[in-house]
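When a ligand or atom number is given, it counts from 1 through the structure's own listing order.
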Amino acid sequence: MPSAAISTAAAVLPSRPVPRPGVQAIEAYVPGKAKAAPGVKVHKLSANENPLGPSPKAMAAFHSAEALEFYPDGSSTVLRAAIGAAYGLDPARLVCGTGSDELLMLLAVAFAGPGDEVLYSQYGFLVYRIATLTAGAVPVVAPERDYTSDVDALLAAVTARTRMVFLANPNNPTGTYLPFDEVKRLQRGLPANVLLVLDAAYAEYVRRNDYEAGIELVATCQNVVMLRTFSKIHGLAALRVGWMYGPAEIVDAVNRVRGAFNVSAPGLAAATAAIQDTAHMDAAVAHNEQWLNWLTRELTALGLKVTPSVTNFLLVHFPETAGHTAREADAFLMERGLILRRVDSYGLPGALRLSIGTEVANHALVAALREFLGANHGA
Ligand SMILES: Cc1ncc(COP(=O)(O)O)c(C=O)c1O
């Protein structure tokens with residue numbers, strides 16, 4: 001190569017490896033806090049985990065997963081069969097992932113790239129932005145109404161460059177949902193080449209006749225997938241297992257880009273047992289129903305504004321009055337071992353998100369908030 005060409009190339013090359021465009025724009029996901037002051041009994045209400053823990057059958061299966069020197073079944077065959085049996089789905093149309101987070105990332109990488117737009121709602125789950133930027137695509141955010149996704153606003157934001165729409169239904173961190181008719185209206189309004197990702201991480205908790213997680217839409221449309229997780233109702237967040245139901249071509253694309261052994265053997269064993277233990281799921285739903293209603297009533301009675309939730313968490317809005325703000329409440333509760341989730345990164349600095357906890361945790365939380373609101377902290 002002539003020396004001039006070398007120097008020209010050298011002049012434009014960076015002096016060190018540089019991430020692709022978009023990566024530096026990602027604010028790394030900050031997980032819910034897990035530790036409080038030393039010596040204080042901790043109630044972790046920051047990550048929407050199951051206060052009842054996993055099914056004892058899932059725990060037994062986890063412990064029986066031996067032979068750690070062998071790779072797991074990279075096709076998650078037994079788990080997909082168990083999910084298929086539980087929901088009446090063809091296992092060939094299922095993919096398992098390292099949590100549904102991994103599946104969100106894989107979908108973005110497989111279906112969007114530089115110049116493409118990926119659409120989601122104003123308070124949509126933070127990983128949608130991270131996945132979009134990771135793929136090199138452009139995030140487009142549609143406004144919400146009453147902390148709820150707005151189908152008209154989403155459809156109005158669709159352009160010729162839109163490739164995907166992420167919809168958490170119900171949504172985190174708001175706890176609100178779209179009735180199935182609205183989800184169907186969204187799908188009908190999207191161009192056929194736009195992939196609609198229905199993220200139903202909290203579906204099992206929803207007790208509304210007009211709600212559906214999306215199985216029917218996936219079964220009848222070429223451009224819809226549904227994601228589910230073992231991290232919430234099944235209480236297996238530590239093991240990182242999620243799954244996707246989708247059209248054959250989309251399943252095929254995700255299988256091409258995923259890690260060959262993405263779900264661990266203990267994760268496969270525990271999740272397979274968990275999905276068969278419907279009694280444990282029923283107990284988790286009943287516990288949630290009771291305490292979601294109780295907390296909503298109690299917190300409202302304390303004068304706090306609570307966004308109506310169909311999930312296992314609540315978005316609670318605090319006054320702006322000095323001494324009573326969300327930031328001060330968070331610090332006050334933290335000192336008492338009650339760990340909630342700040343939601344500033346969602347553009348909600350005046351609110352905190354709290355997971356429905358054990359009976360003890362829920363009572364402790366209400367008592368602490370009563371004390372907090374009764375006193376005039378730092379004003
Ligand atoms: C809406 C939503 N989707 C997906 C996830 C990811 O779940 P996981 O990766 O644990 O399966 C979460 C977790 O908080 C969530 O809230």
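Checked by distance only, ligand 1 and Thr98 stay at 3.5 Å or farther apart across all their nitrogen or oxygen atoms.
Looking at Arg208 and Asp210, no side-chain N of the basic residue comes within less than 4.0 Å of a carboxylate O on the acidic one, giving no salt bridge. Contact check on Glu102 versus Arg240 returns no salt bridge, with no Lys/Arg side-chain nitrogen under 4.0 Å from an Asp/Glu carboxylate oxygen. Taking the charged nitrogens against the carboxylate oxygens, Asp252 and Arg256 do have a contact shorter than 4.0 Å, which makes a salt bridge. For the pair Glu49 and Lys44, the salt-bridge criterion is met [side-chain N within less than 4.0 Å of a carboxylate O]. One finds no salt bridge joining Lys184 and Glu212 here, because no Lys/Arg side-chain nitrogen approaches an Asp/Glu carboxylate oxygen to under 4.0 Å.
Nearest to atom 7 (O) of ligand 1 by heavy atom, out of Ala168, Ser100, Gly99, is Ser100.
If you check which protein heavy atom lies closest to atom 3 (N) of ligand 1, you get Asp199 OD2, 2.6 Å. The protein heavy atom nearest to atom 5 (C) of ligand 1 is Phe125 CE2, 3.4 Å. Protein heavy atom at the shortest distance from atom 9 (O) of ligand 1 is Arg240 NH2, 2.7 Å. Among all non-hydrogen protein atoms, the one lying nearest atom 6 (C) of ligand 1 is Asp101 OD1, 3.2 Å.
Heavy-atom separations between Glu102 and ligand 1 are all 4.0 Å or longer. At a 4.0 Å cut-off, not a single heavy atom of Phe230 sits close enough to ligand 1 to count as contact.
For the residue pair Tyr128 / Asp199, a side-chain donor-acceptor distance below 3.5 Å is found, with atom types taken as modelled. Residues Asn48 and Arg341 bring no donor and acceptor atom of their side chains to less than 3.5 Å of each other.
Of all atoms in ligand 1, listed by their number and element, those nearer than 4.0 Å to a heavy atom of Asn172 are 1 (C), 14 (O), 15 (C), 16 (O). Less than 4.0 angstrom separates some heavy atom of Lys232 from each of these atoms of ligand 1: 13 (C), 14 (O). Close approach of ligand 1 to Ala201 is summarised as follows: ligand atoms under 4.0 Å from at least one heavy atom of the residue are 2 (C), 3 (N). Near Ser231, the atoms of ligand 1 lying under 4.0 angstrom from a non-hydrogen atom of the residue are 8 (P), 10 (O), 11 (O).
Considering only residues two or more places apart in sequence or on other chains, Glu144 meets the salt bridge (Lys or Arg N to Asp or Glu O under 4.0 Å) condition with none of them.
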